[in-house]
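Here is how names work: the chains are called A, B, and so on, in the same order as the sequence lines, proteins then strands, and each is numbered from 1.
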There are 2 protein chains.
Amino acid sequence: MAEPSARERDPEAVSQFVEGFAAQLVEAGMQRMPARVFAALLASDSGAMTSAELGEQLQVSPAAVSGAVRYLAQQHMVSREREPGSRRERYRVHSNQWYEALTNRDAVLKRWETALRAGVDSLGPATPAGRRLSETLAFFEFIDGEVAAMMERWRAHREKLFGDDA
Amino acid sequence: MAEPSARERDPEAVSQFVEGFAAQLVEAGMQRMPARVFAALLASDSGAMTSAELGEQLQVSPAAVSGAVRYLAQQHMVSREREPGSRRERYRVHSNQWYEALTNRDAVLKRWETALRAGVDSLGPATPAGRRLSETLAFFEFIDGEVAAMMERWRAHREKLFGDDA
DNA sequence: CGCTTCTTTCAGAAATTTGTGAAGTTAAGG
DNA sequence: CCTTAACTTCACAAATTTCTGAAAGAAGCG
């Protein structure tokens, strides 16, 4: 392990982190290519890369990058920018933005809640199964409320640690 | 929609919920068969089913059930019971247990943190990318701490809603 | 002990997912 | 306008995943 100088970026080290972190994201249920693209962006100095740069670093075709980026943008984990006067697009992770996106996982929660409500309704709130589903539903509703408060606390905490540059 | 009587269980309604909820879990990254098995257990009156019952309701082979159940048990989302004096096994969801399992997702968090620390270390804490990774790491560390407290609050809340039968 | 019942393992077939190359689309710049 | 650079879409090939059937492995019970 060479001590990393702030001056030069070791592509080998970058790649190692990117692939390792992406693997963890994959294990948590994310698709491979979006995970790799996302990790690459996280590990970039500017926080933004072009399609070509991503393709080169990850050794994949433009088509693959395009698909991955579309997915990430839908999940609000990256945003697209177009530098005016160029058809080149840049994809960027705003640090903040993506915590909020993780929180957007509560879009997932909402869908779970909907499915559970339908279950309670059709099985009957008074049946044992219905009661179990109700309780599960209550859990998710509780979590929903907590997450918002938690993110608020994070913002305060973050400011204390890093200052509030956005 | 017929009004559900507490007396009879409509297999059609059950199946509808099971497949619907399972689909949501799949979309959130869970494998299909474990998701279906889990949903079936959630929707059962007793909260427990045998391998044969699961196979019949889901129309899959014993092998498929076996694999799914192994996965769920590893994730601590169900527990296995063996009624003494029978080689028949029952798989059960303890409502509580599985919230805690969802929380166990913080095993996932821990691995993310490990990967991020490695990244900060190898890219250099003073580099722009290193700083971004540090902040991300700080976020996850923060979440870690919050989750525990949140689950504590949930238990209190739950007790208020349902009483504390475990 | 051996029979029977249930569960697990394993190899392979089927289905799904994933990434590529090539053609199509959009928009900048001459 | 026409050219050209970039991104996207699409059909297909490859790889991976998922489930099954069959055989092997436990464990109760006579």
Side-chain angles (χ1 to χ4, degrees), chain A residues 15 18-19 21-41 44 46 48-75 77-93, chain B residues 15 18-19 22-41 44 46 48-75 77-92:
Chain A
S15 180
V18 167
E19 297 305 328
F21 191 59
Q24 297 300 332
L25 294 175
V26 167
E27 199 159 337
M30 196 169 178
Q31 293 159 328
R32 178 171 310 278
M33 193 58 63
R36 296 180 71 208
V37 167
F38 183 70
L41 287 172
S44 70
S46 64
M49 295 175 76
T50 66
S51 192
E53 289 167 341
L54 286 166
E56 195 211 7
Q57 170 167 352
L58 304 176
Q59 289 296 312
V60 293
S61 71
V65 174
S66 173
V69 153
R70 174 168 33 142
Y71 173 82
L72 291 170
Q74 274 175 352
Q75 306 299 312
M77 295 179 68
V78 309
S79 50
R80 330 165 81 107
E81 326 181 324
R82 184 163 240 140
E83 9 185 9
S86 169
R87 33 220 155 330
R88 200 170 249 154
E89 218 154 44
R90 299 177 75 73
Y91 307 108
R92 155 162 281 126
V93 355
Chain B
S15 180
V18 168
E19 299 304 329
Q24 296 300 330
L25 294 175
V26 167
E27 200 160 336
M30 194 170 181
Q31 292 157 329
R32 179 169 310 274
M33 193 58 64
R36 295 180 71 208
V37 167
F38 183 71
L41 287 171
S44 70
S46 65
M49 296 175 77
T50 65
S51 192
E53 289 168 339
L54 286 166
E56 196 210 7
Q57 170 168 354
L58 303 176
Q59 290 296 312
V60 294
S61 72
V65 174
S66 175
V69 153
R70 175 170 29 144
Y71 173 82
L72 291 171
Q74 276 175 351
Q75 307 297 313
M77 295 180 69
V78 309
S79 51
R80 330 165 81 107
E81 325 181 325
R82 182 163 242 141
E83 7 187 10
S86 169
R87 33 225 154 327
R88 201 169 249 156
E89 219 155 43
R90 301 176 74 73
Y91 308 108
R92 154 161 281 126

Task: Residue pair B/Leu72 / B/Met30, side-chain heavy-atom distance below 4.5 Å - done: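 A side-chain contact under 4.5 Å exists here.
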
Does [X] put a side-chain nitrogen or oxygen below 4.0 Å from OP1 or OP2 of [N]?
X	N	answer
A/Arg87	C/dA28	no
A/Gln31	C/dT17	no
A/Ser61	C/dG19	no
A/Arg80	D/dT8	yes

Can you figure out which of [options] approaches the side chain of [X] most closely?
X	options	result
B/Tyr91	C/dA22, C/dT8, C/dG19	C/dT8
A/Arg32	C/dG19, D/dT9, D/dG21	C/dG19
B/Ala64	D/dT8, C/dT9, D/dC19	D/dC19

[X] [atom1] to [N] [atom2]: how many Å, rounded?
X	N	atom1	atom2	result
B/Tyr71	D/dT17	OH	P	14 Å
B/Glu27	C/dT16	CD	P	16 Å
A/Arg70	D/dA6	CZ	C1'	16 Å
A/Glu83	D/dA6	CD	C1'	12 Å
B/Leu54	D/dC19	CG	C1'	16 Å
A/Arg90	D/dA6	CZ	P	13 Å
A/Met33	D/dT16	CE	P	13 Å
B/Glu89	D/dG28	CD	P	11 Å

Task: Minimum heavy-atom distance B/Val26-B/Arg32, with the two atoms named - done: CG2-CA, 3.6 Å

Open item on the list: Testing B/Glu89, B/Arg82, B/Arg88 one by one against B/Ser86 for a side-chain contact (heavy atoms from CB on, under 4.5 Å), which residue passes?
Closed with: B/Arg88

- [ ] Identify whether any heavy atom of B/Gln59 sits under 4.0 Å from a base atom; if not, whether one sits that close to sugar-phosphate; answer base, sugar-phosphate or nothing.
- [x]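 The residue B/Gln59 makes sugar-phosphate contact but no base contact.
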
- [ ] Could you check whether B/Val60 gets within reach of a base, just the sugar-phosphate, or nothing at all, counting any heavy atom under 4.0 Å?
- [x]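 Sugar-phosphate: the residue B/Val60, judged by heavy atoms under 4.0 Å, touches backbone atoms but no base.
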
- [ ] Please figure out whether A/Gly67 or A/Arg88 has its closest DNA chain D nucleotide nearer the 5' end.
- [x] A/Arg88

Open item on the list: Run A/Ser44 and A/Glu53 through side chain to side chain contact (heavy atoms under 4.5 Å, CB included) and show every step you take.
Closed with: CA-CA 11 Å; A/Ser44 70; A/Glu53 289 167 341; over 6 Å; no

Open item on the list: Tell me whether B/Arg92 contacts the main-chain N or O of B/Glu81 through its side chain, where contact means a donor paired with an acceptor under 3.5 Å.
Closed with: no

